[in-house]
Amino acid sequence: MLSTHSAGPAGIDLSSMDFWRAPQEERHAAFARLRERAPVFFEEPDAGPVPAGPGYYALVRYADVTEASRSPQVFASEPSAVSIPDMPPDFAEYFGSMITMDDPRHARLRRIVSRGFTPRMLARLEDDVRRQAEAIVDDLLEKGPCDFVSEVAARLPLAIICDMMGIPESRRAMVFENSNVVLAGNDPDYLGDDAETAITRLLNAGAELSALLGELAELRRREPADDLTTALANANIDGESLSDQELGSFFILLAVAGNETTRNGISHTLTLLTDHPDQRELWWEDFEGRAGTAVEEVVRYASPVTWMRRTLTRDHEMNGHRYRAGDKVLLFYPSANRDAAVFDDPDRFDITRSPNPHVGFGGPGPHFCLGAHLARREITAMWRELHRRVPGIRAAGPPERLLSSFVNGIKELPCEF
């Protein structure tokens, strides 16, 4: 049974790709209007052969997003956190990792997987990250002005994740191409022009990534190495280990979440520093001293992941609104991150902003981003190297943005220095 629906202000439809084609400023202005009358109900977008569901509420206020994140027993990640319609079972095989699970399964998987993200493991990666950033800037200086996304931003997170997992150089281009497809949103450059083609490409990308990890896991059970695949393929906690399917879908999550979002964080930084030269100057005056707050502000301001879905397990009242069991809600992070109830002058990009309790890595609770520390380190390391050796680098034109409601992605960004 659905609760009473409050319709959005005229002209705002979060389910329409026209909304996501609009300039960023227009979208943020629309979210500000939605926050005044939250929560707002929307019809579901057409997903081609997948039947449209009953619609969803947009959670656009900071208070709602954080409360739903903290209450997984009411706001569940199953059956899906990453798609608005309930996807067919063959999707769950590849895209059903722990991001779309609730406890106790979620806790079990996260416990096994989190051993790859301990402070000790991350400290070991520090040198790797630095070396990779140096090599990327070497190549950039040799190449001259180019596409910043493919030549700089995309290379670092991909190299680090493949190093962590022990993926050979020869397979990295495949990982890069398939992770682009998985997070393509509605972008025809990656998915083609019709729903059938898109679904086929998505499933093929998932199958290829999963198969790669299956092969590697089999090898690591016979010949262990010092990598995350070995740790995961041989993990045994309380008598439980990961199945090949769980390993494959975790790798897809890692390749996509750890690669795309950090890449977009690095790319958005270039756009923001170009558009706000005063903030660049401020950061460059004391790079190390301001790096921590600068990176947090980039993540707040750009919000690389736009939403996650939750489904109500029971009737529940939150901030004066009555939800019913089975209702779908979407947690809109860019909107929560500009909520004036929490952030002073929220539309201002301020690299010294503190405190900055943004939800750019997801809200508080069990699904807070496992790779947040790694993402922060990678963005900082890449920009430390650029600041040191190419301090005048800037965007040479507007970014070409990904057409997606799910990821605030940049496909191409010309740079000059």
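We number each residue from 1, following the sequence as shown. Both backbone and side-chain heavy atoms feed into the values below; hydrogens, waters and symmetry mates do not. Keep in mind the model is a prediction, meaning the values are calculated, not measured.
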| Stepwise side chain to side chain donor-acceptor pair (under 3.5 Å) check, W307 with S405 | CA-CA 8 Å; W307 55 260; S405 73; 3.2 Å; yes
Strictly under 6.0 Å, is that where the ring centroids of [X] and [Y] end up?
{"X": "Y323", "Y": "Y57", "result": "yes"}
{"X": "F31", "Y": "Y333", "result": "no"}
{"X": "F349", "Y": "H276", "result": "yes"}
{"X": "H268", "Y": "Y301", "result": "no"}

| field | Partner of E296 by salt bridge (charged side-chain N to carboxylate O under 4.0 Å, His left out), out of R376, R290, R353 | value | R376
Please report the shortest heavy-atom distance between [X] and [Y], naming the atom on each side.
{"X": "F332", "Y": "A58", "answer": "CE1-CB, 3.7 Å"}
{"X": "L156", "Y": "M382", "answer": "CD2-CB, 3.9 Å"}
{"X": "A375", "Y": "T262", "answer": "CB-OG1, 3.7 Å"}
{"X": "T229", "Y": "L216", "answer": "OG1-CD2, 3.7 Å"}
{"X": "L209", "Y": "S179", "answer": "CD1-N, 4.4 Å"}
{"X": "R220", "Y": "D227", "answer": "NE-OD2, 2.8 Å"}

Between [atom1] of [X] and [atom2] of [Y], what distance do you get to the nearest 0.5 Å?
{"X": "L273", "Y": "H387", "atom1": "CG", "atom2": "NE2", "value": "10.5 Å"}
{"X": "R37", "Y": "I12", "atom1": "CZ", "atom2": "CD1", "value": "8.0 Å"}
{"X": "L247", "Y": "L109", "atom1": "CG", "atom2": "CG", "value": "9.0 Å"}
{"X": "M308", "Y": "S80", "atom1": "CE", "atom2": "OG", "value": "9.5 Å"}
{"X": "N408", "Y": "W20", "atom1": "CG", "atom2": "CH2", "value": "9.0 Å"}
{"X": "L413", "Y": "T271", "atom1": "CG", "atom2": "OG1", "value": "4.5 Å"}

Tell me whether [X] contacts the main-chain N or O of [Y] through its side chain, where contact means a donor paired with an acceptor under 3.5 Å.
{"X": "N234", "Y": "A231", "result": "no"}
{"X": "D315", "Y": "A325", "result": "yes"}
{"X": "R35", "Y": "R338", "result": "yes"}
{"X": "T293", "Y": "I351", "result": "yes"}
{"X": "D102", "Y": "E78", "result": "yes"}
{"X": "S303", "Y": "T306", "result": "no"}
{"X": "T313", "Y": "Q73", "result": "yes"}
{"X": "T230", "Y": "A225", "result": "yes"}
{"X": "S335", "Y": "V60", "result": "yes"}
{"X": "R394", "Y": "T274", "result": "no"}

NZ/NE/NH1/NH2 to OD/OE distance under 4.0 Å, [X] and [Y]:
{"X": "E44", "Y": "K328", "result": "yes"}
{"X": "R300", "Y": "E297", "result": "yes"}
{"X": "D103", "Y": "R108", "result": "no"}
{"X": "D327", "Y": "R324", "result": "no"}
{"X": "E36", "Y": "R33", "result": "no"}
{"X": "E412", "Y": "R401", "result": "no"}
{"X": "D226", "Y": "R124", "result": "yes"}

Heavy-atom check, side chain of [X] versus side chain of [Y], under 4.5 Å:
{"X": "L330", "Y": "L59", "answer": "no"}
{"X": "R309", "Y": "V329", "answer": "no"}
{"X": "L212", "Y": "V175", "answer": "yes"}
{"X": "V305", "Y": "N264", "answer": "no"}
{"X": "Y62", "Y": "E67", "answer": "no"}
{"X": "S16", "Y": "L14", "answer": "no"}
{"X": "P399", "Y": "S267", "answer": "no"}
{"X": "R314", "Y": "V74", "answer": "yes"}

| field | S354 and N356: CA distance, side-chain angles, deciding distance, side chain to side chain donor-acceptor pair (under 3.5 Å) verdict | value | CA-CA 5 Å; S354 180; N356 188 353; over 6 Å; no
| Do other residues, nucleotides or ligands put more than 12 heavy atoms under 6.0 Å from D18 CG? | yes
| Please walk me through it: do E218 and E223 pass side-chain contact (heavy atoms from CB on, under 4.5 Å)? | CA-CA 9 Å; E218 202 175 304; E223 301 167 23; over 6 Å; no
| Candidate pair Y56 and S15, rule side-chain contact (heavy atoms from CB on, under 4.5 Å), full reasoning | CA-CA 10 Å; Y56 61 90; S15 291; 2.8 Å; yes
| Working for salt bridge (charged side-chain N to carboxylate O under 4.0 Å, His left out), residues R377 and E126 | CA-CA 8 Å; R377 284 177 188 218; E126 200 76 55; 2.6 Å; yes
| Is the Lys NZ or Arg CZ of R348 less than 6.0 Å from the centre of F343's six-membered ring, within 45° of the axis? | no
| When you check the side-chain N and O atoms of H106 and S77, is any donor under 3.5 Å from an acceptor? | no
| query | Taking it one step at a time, do N180 and R263 satisfy side-chain contact (heavy atoms from CB on, under 4.5 Å)? | reply | CA-CA 11 Å; N180 278 341; R263 168 213 308 197; 2.8 Å; yes
| message | Quick one, N178 with R201, criterion side chain to side chain donor-acceptor pair (under 3.5 Å). Give me CA distance, side-chain angles, the key distance, then yes/no. | response | CA-CA 9 Å; N178 283 321; R201 285 188 187 174; over 6 Å; no
| field | Chi angles and distances behind the side-chain contact (heavy atoms from CB on, under 4.5 Å) call for L254, L228 | value | CA-CA 11 Å; L254 191 65; L228 186 54; 4.2 Å; yes
| request: May I ask you to decide if the ring planes of W283 and W383 are parallel, tilted or perpendicular, using 30° and 60° as cut-offs? | output: tilted
| request: Could you give me the CA-CA distance, side-chain angles and deciding distance for T66 and S69, then say whether side chain to side chain donor-acceptor pair (under 3.5 Å) is met? | output: CA-CA 5 Å; T66 51; S69 301; over 6 Å; no
